[in-house]
Amino acid sequence: MKIGVLGTGNMADALATHWVRAGHDVFVGGRDAEKARLLAARMGRDVRHGSLREAAAYGDVVLVALPYGAGADVVRELRAELEGTVLLDCANPVGPDFRLLTEGGPSAAHQLASAAPDAHVVKAFNLCHEDVWRMNPPVFDGRPLAVPVCGDDATALALAGTLVRDVGCEPVAGGGLDRAGLLEATAALFIGLWVAEKADVRAIAPPLEYATGPRAGSA
């Protein structure tokens with residue numbers, strides 16, 4: 001698979017490194033040519049690098065690994081190159097005091113979709129710290145991390161699912177792109193619980209077999 005990466009930060013590094021290991025062709029694009037070169041060199045000698053526009057034109061799938069607020073502006077500038085492309089959005093619109101910055105408005109994923117209406121946006125990889133994605137693989141208590149994905153295009157979701165598995169995780173159908181805002185709100189909640197309350201969010205929900213209450217015959 002040909003994958004373009006918009007951005008040279010931690011999420012670009014964490015995710016795309018897995019995809020290089022899995023044998024995908026990766027092109028790192030950034031505004032800073034030297035940062036793009038250094039990141040590509042860390043990933044492997046066959047990883048290409050260049051501008052954001054070159055990365056957008058290169059990929060069948062393009063990871064938008066840019067801060068919330070910058071992503072939509074960049075994607076709008078590159079909408080011609082991104083026509084027909086799968087856009088993976090991992091942004092978290094979370095501000096001070098773990099406040100959801102999109103509250104009352106469109107989700108970050110919908111903002112990308114509006115900026116590049118001929119692309120296929122998939123929300124994924126937004127619920128964990130970048131160092132979790134660097135784990136090889138992210139497995140806890142013997143179970144691979146589950147990654148919710150939201151999108152409207154079946155082919156785009158299938159490609160995203162492949163890339164989730166290449167990180168060592170399992171994709172979970174999260175519904176259409178209209179549910180991406182729920183993923184973003186979940187990230188705001190989880191980050192607040194992890195950071196401010198030092199709480200284990202796994203403890204706030206019962207196991208699947210108890211999702212609708214105790215099983216018949218159980219105490």
Are the side chain of [X] and the backbone N or O of [Y] linked by a donor-acceptor pair below 3.5 Å?
X    : Y    : result
H18  : M135 : yes
N92  : N126 : yes
K123 : A91  : yes
W133 : M11  : no
H129 : D131 : yes
E54  : G29  : no

With a 4.5 Å cut-off on side-chain heavy-atom distances among I, L, V, M, F, W and Y, is there a chain of contacts connecting [X] to [Y]?
X    : Y    : answer
L15  : V26  : yes
V86  : F125 : yes
V147 : L208 : no
V121 : L82  : yes
M1   : V20  : yes

Considering residues, nucleotides and ligands other than [X], do more than 12 of their heavy atoms fall under 6.0 Å from its [atom1]?
X    : atom1 : value
I204 : CD1   : yes
D32  : CG    : yes
R76  : CZ    : yes
R134 : CZ    : yes

Solution key, residues 151-161 side-chain donor-acceptor pairs under 3.5 Å, sequence neighbours excluded:
residue	atom	partner	partner atom	Å
D152	OD1	L177	N	2.9
D153	OD2	T155	N	3.1
D153	OD2	A156	N	2.8

**Asked** Quick one: hydrophobic cluster around Y58, which other residues, with the 4.5 Å side-chain cut-off, linked directly or via members?
**Response**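 Answer for Y58: F27.
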
Rounded to the nearest 0.5 Å, what separation is found between the [atom1] atom of [X] and the [atom2] atom of [Y]?
X    : Y    : atom1 : atom2 : result
Y210 : T212 : OH    : OG1   : 11.0 Å
S51  : L6   : OG    : CG    : 9.5 Å
N10  : E130 : CG    : CD    : 4.0 Å
C128 : I191 : SG    : CD1   : 9.5 Å
W19  : L63  : CH2   : CG    : 4.5 Å
L78  : E83  : CG    : CD    : 13.5 Å

**Prompt:** Are D25 and R48 within salt-bridge range, i.e. N to O under 4.0 Å?
**Reply:**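 Looking at R48 together with D25, the answer is no, because their closest N to O distance does not fall below 4.0 Å.
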
**Item:** Ionic contact status for R143 with E170, cut-off 4.0 Å
**Value:**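 No, E170 and R143 are not salt-bridged.
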
I need the minimum non-hydrogen distance between [X] and [Y], along with the two atoms involved.
X    : Y    : result
E184 : A109 : OE2-N, 3.2 Å
A124 : V149 : CB-CG1, 3.6 Å
L183 : C150 : CD1-SG, 3.8 Å
V28  : A55  : C-CB, 4.4 Å
V64  : G71  : CG1-CA, 4.3 Å
G174 : R179 : O-NE, 3.0 Å

Side-chain heavy atoms of [X] within contact of [Y], under 4.5 Å:
X    : Y    : value
V94  : F190 : no
R79  : P117 : yes
P137 : V167 : no
R31  : V74  : yes

**Asked** Quick one: which of T85, L52, I3, V75 gives a side-chain contact (heavy atoms from CB on, under 4.5 Å) with V62?
**Response**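 Going through the options one by one, the only one that passes is T85.
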
**Request:** Decide yes or no on side-chain hydrogen bond (donor to acceptor under 3.5 Å, both in side chains) for D166 and T162, but give the supporting numbers first.
**Result:** CA-CA 6 Å; D166 287 339; T162 295; over 6 Å; no

**Prompt:** After noting the C-alpha distance and the side-chain angles of R202 and D141, does the key distance pass the side chain to side chain contact (heavy atoms under 4.5 Å, CB included) rule?
**Reply:** CA-CA 12 Å; R202 294 179 303 173; D141 297 327; 3.2 Å; yes

